[in-house]
Every structure is written in C-alpha cells, then in structure tokens.
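Sequence positions, counted from 1, serve as the residue numbers for this chain. On a predicted model such as this, the values are computed, not experimentally measured, just so you know. Whatever order the structure lists them in is the order used to number ligands and atoms, beginning at 1.
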Amino acid sequence: MSKNKIITNETCGKLYIAGEYSILTTGQSAVIKNINIFMNSKISFANKYTIFSDMFDYSITLEKTAFDKKTLQNFDKNYSLICETVSVMNEYLKLNSLEIKPFNLEITGKMEKDGKKFGIGSSGSVVILTIKSILSLYNLKISKDMIFKLSSYVLLKRGDNGSMGDIACISYESLIFYKSFDRKKISELIKKETLDKVLKADWNYEISKLNFNKNNLNCEFLVGWTKKPAISGDLVNIVKSSINENFLKNVENIVKKLREAIKNGDKVTIRKCISENGILLENLNKNIYNKKLKDLVNSTQNLDICAKSSGAGGGDCGIALSFNENDTKTIIDRWEKCGIELLYAEKL
Ligand code: PMV
Ligand code: MG
C-alpha cells in the first residue's frame, strides 16, 4: 500500500428506543437503534497532523511531536475531543509496537441542519470515526468490543457523565441491547492503570445485536426531529436526582420485555413497552417532555403507531414505530403541522 493512500471511513448515529436515564445506573439495560445518517472521514499519512472537521470552518495543524507526553499541549478547544482520541490511539499504537506517524484527517457530515444539531450522537460518532480512521491507516482490524472500550476510555478520561450506550450502538452499527458497566470503577482504573491493563480488564457490560422478527411484523421505524437542540449532559445533571428504585425496576422490566417482543415480532407488547416507557419518562422529570415531544407523541392518536421521546429529551428527537403504512403518512403530516420534521425512516 502506498504511504499516501487516502482511506475513507464512516460512522452512524444512534437513538434510544428504551431505557434512557435508567441505563445510567450500573447493570441496567437499554435498547438503542443505529441511525444510518453518516459522518465520513478521509485519512492519509503526512508530515504533520492536519485535522479538519466541518463542524468548525478551520483546520488545525500540529507538529509530529504534539501528542508526546513531554510536549503535550493544550489542544484547540473545538478540537479537543478529536485530539484526545488521537492521543489515546497513539498510546494504543505504541502498545501494538507501531511507529507513530502524523496524518491528515478530514471529517465531514456534521449531523445537523441550519446550525441545529439532530441529537443523534455526533460526539460519540466523531470519537469512533477518529478511532476507525487511525486503525484503517495502520491496517489494524480490531473487534467492535475493542472499539467500544477505546472510545469509552476517551470519554471517561474526559469526565463524560454518560452511560456509553451511544458508543455501544455506534460501535456495533446495529440495533442493540446494552447493559451498562460501572463507569466510576473504570474511570478510577483509567487514573491508576496503563491503557493496556484497562483494556484487558473485564468491564462487565453486555452488548448484543437485536433483530426485529420480520416474519411476524411489518414495522417502520420513524424519527421526528423537534429542531430544538438539547444538551444531554446538562439534562442528566438536572434529572439524575429524580431517578429512584421504582423507576429503575419498572424500566428494566420494560426493556427486558421489549427485547423479547422485538425477537418475537410481538406488536402488542412492543406498543405497550414503548408507551409505558414514555409515560415513566414523562413522570420522571418535567424537563424531559417539552411541548414538541408531547406533540410528537400525541400525534399517534387513533393510529397503529407508538411513540416516545428518545434519549435525554428536552428537544432533539422522538421515535415512533408504525405498523400501518397509511398511518405512517398521517403521522408525518401531523408532525409537520407541529413543526416536527421526519428526520429518518427505516423499514424494520
Ligand atoms: O439524548 P441522548 O441521545 O444523548 O441520550 C441520553 C441518554 C441518557 O440515558 C439520558 C444519558 C446516557 O448517557 O445514557
Ligand atoms: Mg439528546
């Protein structure tokens, strides 16, 4: 392979189908769906690091030694997430006895429109895209679990307060069932141990691919975008004190039932699970269901469709599962009248 070959990669987005907030507690589970709206990258070896993302209208250039421990500089604020990913990946390359060489990295597909983010996991996606880009540059093939661990490592090192469900889904590029690990414990391990040791440790999570049973079910997955950007980390800080044992138990029950219902193509149970999870979220904290998310769910009236908010709520997107093609058209019309845009649709 020639040294200057440009290699392309892509990563998807994600949305919660069930289990948000509850998943923040270790050992709880969630169902999370890949959204096939992609972020793309181009990477090639170079003499210096040049990194560009279309999120910002400038690129940064860094010396060959910029990621050395001794010369480690404060990265450009906008680019700190990508730079910290590069830094962890350089560590990882060293573990694999590979020579660290600079590169050009260009990232496009910002998962937003008119300056408003969709809220489908762009920050997790950019971390995984950077990881996949570097791996491909070195022709390294690693498991989806290792990609998940590496990207979790980057986010935990930065003090991220999330469940890592987003990157579990984006790493697997699939509908998944995710059981969360103890992030506090792994964060402590990151502070004390080498990357190698942390990656080799058993994190005690589960990620399993899920498939809707197509034999029994004719179902379309719909995403309604409220065009109101919300910041998950902030909402988590507001909502977390409302999370109690009862909520956790109820959501866990729903997620487990939903997992089986998806496998079996059991429409009645799927509908029940989505609606009940939505109600639990609405009752958890008033910040989750804003006006638009209420409109999004209320638009299902008398239709063979179930819907709920997705993720942290307060804006971003809601999801719906439609079991009737005419009803799909109706809800899209109703959403439009409320200023909700159909962002994504997929036959399951
Ligand atoms: O709004 P999103 O798609 O970033 O989802 C957040 C989901 C939470 O459970 C509220 C937080 C988390 O990190 O799991
Ligand atoms: Mg969100």
Worksheet, complete the sentence: In short, Arg259 meets Ser208 closest at the heavy-atom pair NH2-OG, 3.4 Å
Using a plain distance cutoff, I'd like to know if [X] has any nitrogen or oxygen under 3.5 Å from a nitrogen or oxygen of ligand 1.
| X | answer |
| --- | --- |
| Lys14 | yes |
| Ile23 | no |
| Glu20 | no |
| Asn161 | no |

Could you identify the single nearest non-hydrogen protein atom to [atom] and state the distance to 0.1 Å?
| atom | value |
| --- | --- |
| atom 14 (O) of ligand 1 | Ser163 OG, 2.5 Å |
| atom 8 (C) of ligand 1 | Tyr21 N, 3.9 Å |
| atom 2 (P) of ligand 1 | Ser232 OG, 3.4 Å |
| atom 1 (O) of ligand 1 | Ala312 N, 2.8 Å |

Tell me if the aromatic rings of [X] and [Y] count as close, with their centers under 6.0 Å from one another.
| X | Y | answer |
| --- | --- | --- |
| Tyr49 | Phe67 | yes |
| Tyr172 | Phe177 | no |
| Tyr138 | Phe103 | no |

Discussion item. I'd like to check which ligand 1 atoms, numbered from 1 as shown, lie under 4.0 Å from a non-hydrogen atom of Gly162.
Written reply: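 Taking each heavy atom of Gly162 in turn, ligand 1 has 13 (O) under 4.0 Å.
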[Y] versus [X], side-chain donor and acceptor atoms under 3.5 Å:
| X | Y | value |
| --- | --- | --- |
| Lys240 | Asn237 | yes |
| Ser41 | Glu10 | no |
| Asn287 | Asn285 | yes |

Worksheet item: For ligand 1, is there an atom lying under 4.0 Å from some heavy atom of Asp166?
Response: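 Asp166: no contact with ligand 1 (<4.0 Å).
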Discussion item. Suppose we only allow N, O or S atoms; which atom of Asp316 ends up nearest to the Mg ion (ligand 2)?
Written reply: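 Result: OD2.
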